[in-house]
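One structure is given here, and the rest of the page talks about it.
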Number of protein chains: 2
Amino acid sequence: MVGEFTCAVLGVGVTEVVRTSSARRLPAVVRSRYVEMADVLAAELAELPAGTRIAGEHEIAARFEVGRAAARAAVQELEQRLLVRRVRGSGTFVNKRIDYVISQRRAPSWHQTVREAGAEPRSVVRDVRRAPLPAEEAERLERPVGSAASLLIRQYYVDDLLHGWSNEWIPADVLADVDIAVHAVESVDAILRQMSRVQPVRSWCRVSYALPGPEVVAGLEIESGRPVWLVESVSRDAGSGRPVLCSRSWSRPDAARIVVEMDGPYQPEDE
Amino acid sequence: MVGEFTCAVLGVGVTEVVRTSSARRLPAVVRSRYVEMADVLAAELAELPAGTRIAGEHEIAARFEVGRAAARAAVQELEQRLLVRRVRGSGTFVNKRIDYVISQRRAPSWHQTVREAGAEPRSVVRDVRRAPLPAEEAERLERPVGSAASLLIRQYYVDDLLHGWSNEWIPADVLADVDIAVHAVESVDAILRQMSRVQPVRSWCRVSYALPGPEVVAGLEIESGRPVWLVESVSRDAGSGRPVLCSRSWSRPDAARIVVEMDGPYQPEDE
DNA sequence: GAGCATTTGTCCGTATGTATT
DNA sequence: CAATACATACGGACAAATGCT
């Protein structure tokens with residue numbers, strides 16, 4: 001039921017000219033075949049648990065009595081709606097996004113957020129090395145450009161499906177040897193609390209939807225050029241106010257539904 | 001240059017098993033033809049001003065000596081990268097997204113934000129009517145469900161391209177006659193300040209990326225089922241703290257690059 | 001307003017490539 | 001190695017929307 005918005009509207013005069021882009025006489029009752037098929041399949045998919053394998057393209061083509069092109073278009077439509085993931089040579093599988101809520105009142109623990117969404121988190125260290133701070137990270141960490149730091153690169157899985165990729169920078173004056181600690185605990189926050197007696201709290205955060213660089217494209221195993229979630233964040237020590245951690249983390253759009261909740265300048269007391 | 005990430009990584013042992021989903025022997029130097037074409041076209045597009053019409057599918061097919069299917073796939077790839085907009089019967093046009101930054105330190109004026117991004121904003125009133133408050137809006141406005149309010153529905157254009165669609169709710173006790181005021185000024189904030197002596201400030205805001213309902217699909221003129229930006233917001237009167245405005249506004253992903261900037265609980269003094 | 005050429009949208013049938021199982 | 005399933009591609013056809021005559 002897409003065409004409900006016919007040409008109604010406007011019981012009042014407006015100062016600006018109302019230019020609908022088309023006359024919209026008959027509100028497109030045509031509805032191409034592959035979209036109809038996608039709608040039918042989407043309704044069926046909604047009942048199935050994540051990870052379930054759905055019918056192949058040939059099968060769908062036979063069922064709806066269309067060519068493979070139309071069947072393929074339907075499945076592609078489902079993929080764009082983020083309802084399925086397709087794996088070449090293997091099949092098409094039901095996808096579920098988790099709700100990933102970012103707010104000021106919530107500690108920035110990825111593992112905990114995922115668990116609260118009812119899924120199983122897992123992270124894998126892909127690299128940990130010492131490197132000089134690049135310009136942007138240096139500014140955020142309020143350190144000189146090129147000063148010593150540790151770079152931690154991790155990959156994230158939710159229910160064994162690839163979810164995200166992150167770069168985390170920790171200045172050397174906060175923690176010298178990250179690599180000996182990183183294998184025991186899941187969160188960098190925990191490492192910092194245990195190893196260096198700081199209390200990290202998130203002091204700044206920026207969420208955007210951007211085109212990733214080649215390293216991230218590979219790390220997320222996505223097609224080149226498709227936009228992904230980017231969450232940038234700075235944590236400070238609650239005691240001293242000094243920045244202790246700065247991170248960029250990218251997430252696949254088909255893996256998470258990111259929600260950012262923000263309170264404005266007006267804060268009612270005791271609420 | 002996508003294949004730069006070969007099979008390097010991992011100079012350290014990790015506790016968890018590193019399961020890359022594929023063995024990745026030869027890192028896919030194959031690069032399908034349509035992606036190569038899309039990359040070439042994307043580079044050329046980057047030089048052109050927004051709104052420029054690019055070559056048709058037949059022309060591209062002839063130029064790269066491929067069939068129309070491959071040419072079409074390349075242009076579709078550009079569309080998914082949000083670099084072009086396609087109009088049936090007319091052509092394919094260079095697209096530019098504006099940066100739309102939402103932060104606590106910034107007043108929630110859409111027109112101003114668009115102008116700061118270097119584009120020309122325009123809004124059109126699609127409907128204004130009195131209606132009883134639905135449950136969710138009532139809760140946000142701290143009014144009884146079903147109490148009297150005005151609903152203002154607007155459509156937004158940036159450089160004459162369709163950008164967004166919004167529902168704005170104003171309780172009747174704040175402002176009784178919205179329709180006589182709405183045609184003169186661009187922002188509801190301004191109406192409230194002029195007509196009812198309140199000082200609206202944004203007290204809460206939520207940004208997500210969600211599947212829109214049929215009314216919004218029509219209002220944004222997008223394909224059914226594709227996700228769009230959703231910004232929900234509540235403004236209160238700076239003096240009394242009472243909610244005076246509650247809105248939902250949807251934006252086309254190809255029209256805006258939404259960035260949410262948030263300060264955490266830790267606030268350094270004087271910075 | 002009617003007619004026409006252009007352009008994208010949809011779909012067919014077929015074929016080959018490539019990753020997974 | 002073989003079977004399966006998705007990925008890419010060709011050529012052709014018609015539909016639908018647009019813009020111009």
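Note that the coordinates shown come from a computational prediction; the quantities given were computed from them, not determined experimentally. So you know, we letter chains A, B, ... as the sequences are listed, proteins then strands, and number each from 1.
The CZ-C1' distance, from A/Arg85 to D/dC6, rounds to 16 Å in whole Å. The CE atom of B/Met37 sits 16 Å away from the C1' atom of D/dA7 (whole-angstrom rounding).
Ion pair B/Glu137/B/Arg248 flagged as a salt bridge, since at least one NZ, NE, NH1 or NH2 atom sits closer than 4.0 Å to an Asp/Glu carboxylate oxygen.
Between A/Trp229 and A/Val207 there is a side-chain heavy-atom pair separated by less than 4.5 Å. Within the 4.5 Å cutoff, the side chain of B/Arg122 has no heavy atoms near those of the B/His163 side chain. Residues B/Tyr157 and B/Leu162 have side chains in contact (heavy-atom distance under 4.5 Å, counting atoms from C-beta outward).
Among residues two or more places apart in sequence or in another chain, the side chain to side chain contact (heavy atoms under 4.5 Å, CB included) test is passed with B/Glu116 by B/Arg106, B/Gln112. By the salt bridge (charged side-chain N to carboxylate O under 4.0 Å, His left out) test, A/Arg68 is found to be paired with A/Glu57, residues two or more places apart in sequence or in another chain being considered.
Direction change of the helix axis from one end of the helix from C/dA2-D/dT21 to C/dT21-D/dA2 to the other is 20°, with five pairs defining each end axis (rounded to 10°).
Contacts classified as salt bridge (Lys or Arg N to Asp or Glu O under 4.0 Å) and involving residues 39-54 of chain A (residues at least two apart or in different chains) are given here: A/Arg31-A/Asp39, A/Asp39-A/Arg81, A/Glu44-A/Arg63.
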> What is the per-nucleotide protein-contact pattern of nucleotides 5-12 of chain C, from the 5' end, where B denotes a base atom under 4.0 Å from a protein heavy atom, S denotes such proximity for sugar-phosphate atoms only, and - denotes neither?
Replying inline: -BBBBBSB
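Taking CZ from A/Arg129 and CG from A/Leu152, the interatomic distance works out to 10.5 Å, rounded to the nearest 0.5 Å. The line from CG of A/Leu78 to CD1 of A/Ile54 is 6.0 Å long, rounded to the nearest 0.5 Å.
A donor-acceptor contact shorter than 3.5 Å links the side chain of B/Asp159 to the backbone of B/Glu120.
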Could you list all N or O pairs between the protein and nucleotides 1-3 of chain D that sit under 3.5 Å apart?
none

